[in-house]
Peer 1: 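My structure is below; once you've seen it, I'll send some questions.
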Amino acid sequence: MIRFNDILEKVNPYLTSEDIIEVTKAYAYSAKVHAGQKRHSGEPYLIHPMEVTSILADIKLDKESIITGLLHDTIEDTLATKEDITKIFGEEVCSLVDGVTKISKLKISSTFEKQAEDFRKLILATGKDIRVILVKLADRLHNIRTISYLPEERRKVFAKETVDLFAPLADRLGIYWIRTELEDKCFEVLKPNEYKEITKIFNHKKDEWEKYSSEIRSLLESQLEKFGLDVVVKTRFKNFYSIYRKMIKNNIDSDKLLDVKAFRIITKDIASCYAALGAVHSTWKPIPGRFKDYIALPKSNGYQSLHTVVIGPFGDKVEVQIRTEEMHEIAEYGVAAHWKYKIDSKDRKKLIDLPESVKNIFETQTLSNPREFIDAIKDELITDFIYVFTPKGELRELPIDSSVIDFAYAIHTDLGNKCSGARVNGAIVPFSYKLQSGDAIEIITNNVRQPSKDWMKYVVTSKAKSKIRSSIRSVISKDSEKIGREILGKKLASYGVDILDAGVLEKLRKFSTENNLKNLENLFINYSLSKVNIAQILDCFDLGVKTKIESSQQNYLNPENAIVVGGSTNVMVRMANCCGAIYGDEIIGYITVGRGISIHRISCKQILGVDPTRLVESLWDNSYNLKSSTSLRLYCNDKTGILSEISNLIAKHESNIIKINARKISSSKSSIYLEILVKHARHLSEITKGLDSIPDVYSVQRLYGPQSEFNLHEKNSRI
Ligand code: MN
């Protein structure tokens, strides 16, 4: 339990003996008026103002602030009045205590708009005296430290308010240690599971990290010594809440984040900062784009340091911060450190020398409209998250740069999937619009709308990303099924078979199960992907269709003569690289810009999403009997004689091998790449069937694109 002596020990070095007499008087007064009161913990109430004062003494605040700390709850919670305080401690202390009381009386509400209004009142209540906010922050810090004594139902609300309002405020005032302590305590209350997970990983890595960090530290120290630099090297832990936020924002594992090693070098003067940076960069390679000079360009809260990230001696990322002792104090104590550095000058006006961003907040007190006030402070107060509203006025938190699509998915997956547009503050916005804090968003839906690949450009949340991906995947397979059913239907119709006939469907179903395709839908999908050939299917209808292949000219396919586009042969066509279509494949033309018509297989993925008005019906001209080259990949057991078995089979089918490459993929298995000339898709299908029936061949695959071929060329030994 804290004793008054602990406080005296802290203030003794920097307060005068007269000051200390007054502080002691305040302690006695507070003890008298709070007598008999108890906290939720059951401890005497006096403990609380003492702990708050101790925090204020840690940041070396002046006599008035220390006295205010001891008295901060007297007006609100005891019989003491403003007049009493003024009479005993003077006007200045009274107005400080009154300011803290006004803030405590503000009813902090749940929506951001109301919160902003409250915050405005809070600033007004302080009467522009920053010490009021510092006492309030210390008060909140102690209340958060003892949050476990609060009734459970109040804990989350209290923690949420703290993380939304007081932690950003501490950040704006540059008091790093208060911000991180507030955040970590609130994080534990608000997200207990996530907190547990991160601390678990952290504790797990602690020993390893301590061993590693002492090695790095001594390496750094000896290196800096070589450069004649007198510095202190410290290891640094990141706070858990910032690790969690990074995890959410960048969608990475906490495990990875905890792997980043962070060090701090404290120097005597600014010149040594740059010298130390030079020493670090000449020892370890810096990562480009990660060096930041906050000494030349301080942050708005007064923070100064050099930041860099290097590849450390064990090949992992090491973050290094370099700053002077004075900069370090300012980084830890923020506005309070400015105070400390200026207190000797006895220039009281300068005591309230605030960072620009805080001044800006103070100056906005003339704004009467809370909306304007939000605009004024949102950039200042909210850094990583934005706060937006649903049409019902509920508040949603989203990462910065979120779009209306992120918002829609945050509300509900269905709303995201059917999102066709959005109104923000009443006006239609494009998907590229970046949401701002305070925006009220209404999603416009359309039942036939489906997520598109383009949406990925606009979204930042991992939920939106994963939902869009899975929706696109299911749409593609639904499309494939539809296309497959349609083209198979047409094909069968040309043989006088009606796909809608129950008997026909029954036969197709039987064909599916016999060919391991599970069901009819799967047959359509596979047909659309050209994995099942029409010849195989026609076999089950016993049509007596002529499958005999005529003449065998040795020409390669010249598509310009072989394809009829929209009823005409007099059209510039070329075969699309992605497809490797051969005579007999179902094809379709795509009207390109300036390069004529490219011919794709009808099931080619490249044309699935294109503008349908640019597709044109294309057919093979049956009067040509040309051979086309196609590629196959076989996987087989590596057995002597397998290659001759394969080439014999191909010869038997009156085809010619252009190229054959084999590659061992394991001690007993080989991959074989084959390029052959075929007369027709049906011809190819007969050949693949034949290859498939060779006992040592366990997979035959037709290759469509050029890439698959290329991969094999690279490493192959030619046979
Ligand atoms: Mn209090």
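For ligands, and for the atoms within them, numbers begin at 1 and follow the listed sequence.
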Peer 1: How long is the gap from CG on Leu306 to OG1 on Thr324, to the nearest 0.5 Å?
Peer 2: 10.0 Å
Peer 1: Ring pair (Phe, Tyr, Trp, His ring centres under 6.0 Å) for His307 and Tyr294? Distances and angles first, verdict last.
Peer 2: CA-CA 8 Å; His307 288 189; Tyr294 293 119; 5.1 Å; yes
Peer 1: Side chains of Arg323 and Tyr303: donor-acceptor distance under 3.5 Å anywhere?
Peer 2: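 Yes - a donor-acceptor pair under 3.5 Å links their side chains.
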Peer 1: Quick check: are there more than 12 heavy atoms from other residues, nucleotides or ligands sitting under 6.0 Å from NZ of Lys434?
Peer 2: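 It does not: Lys434 NZ has 12 such atoms or fewer within range.
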Peer 1: Around the Mn ion (ligand 1), what protein N, O or S atoms are found below 2.8 Å?
Peer 2: His48 NE2, His72 NE2, Asp73 OD2, Asp139 OD1
Peer 1: Is the number of heavy atoms from other residues, nucleotides or ligands within 6.0 Å of CD (Glu91) greater than 12?
Peer 2: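 Counting other residues, nucleotides and ligands, CD of Glu91 stays at 12 neighbours or fewer.
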Peer 1: For the pair His72 and His48, evaluate ring pair (Phe, Tyr, Trp, His ring centres under 6.0 Å) and give the outcome as yes or no after the intermediate values.
Peer 2: CA-CA 10 Å; His72 79 271; His48 169 67; 5.0 Å; yes
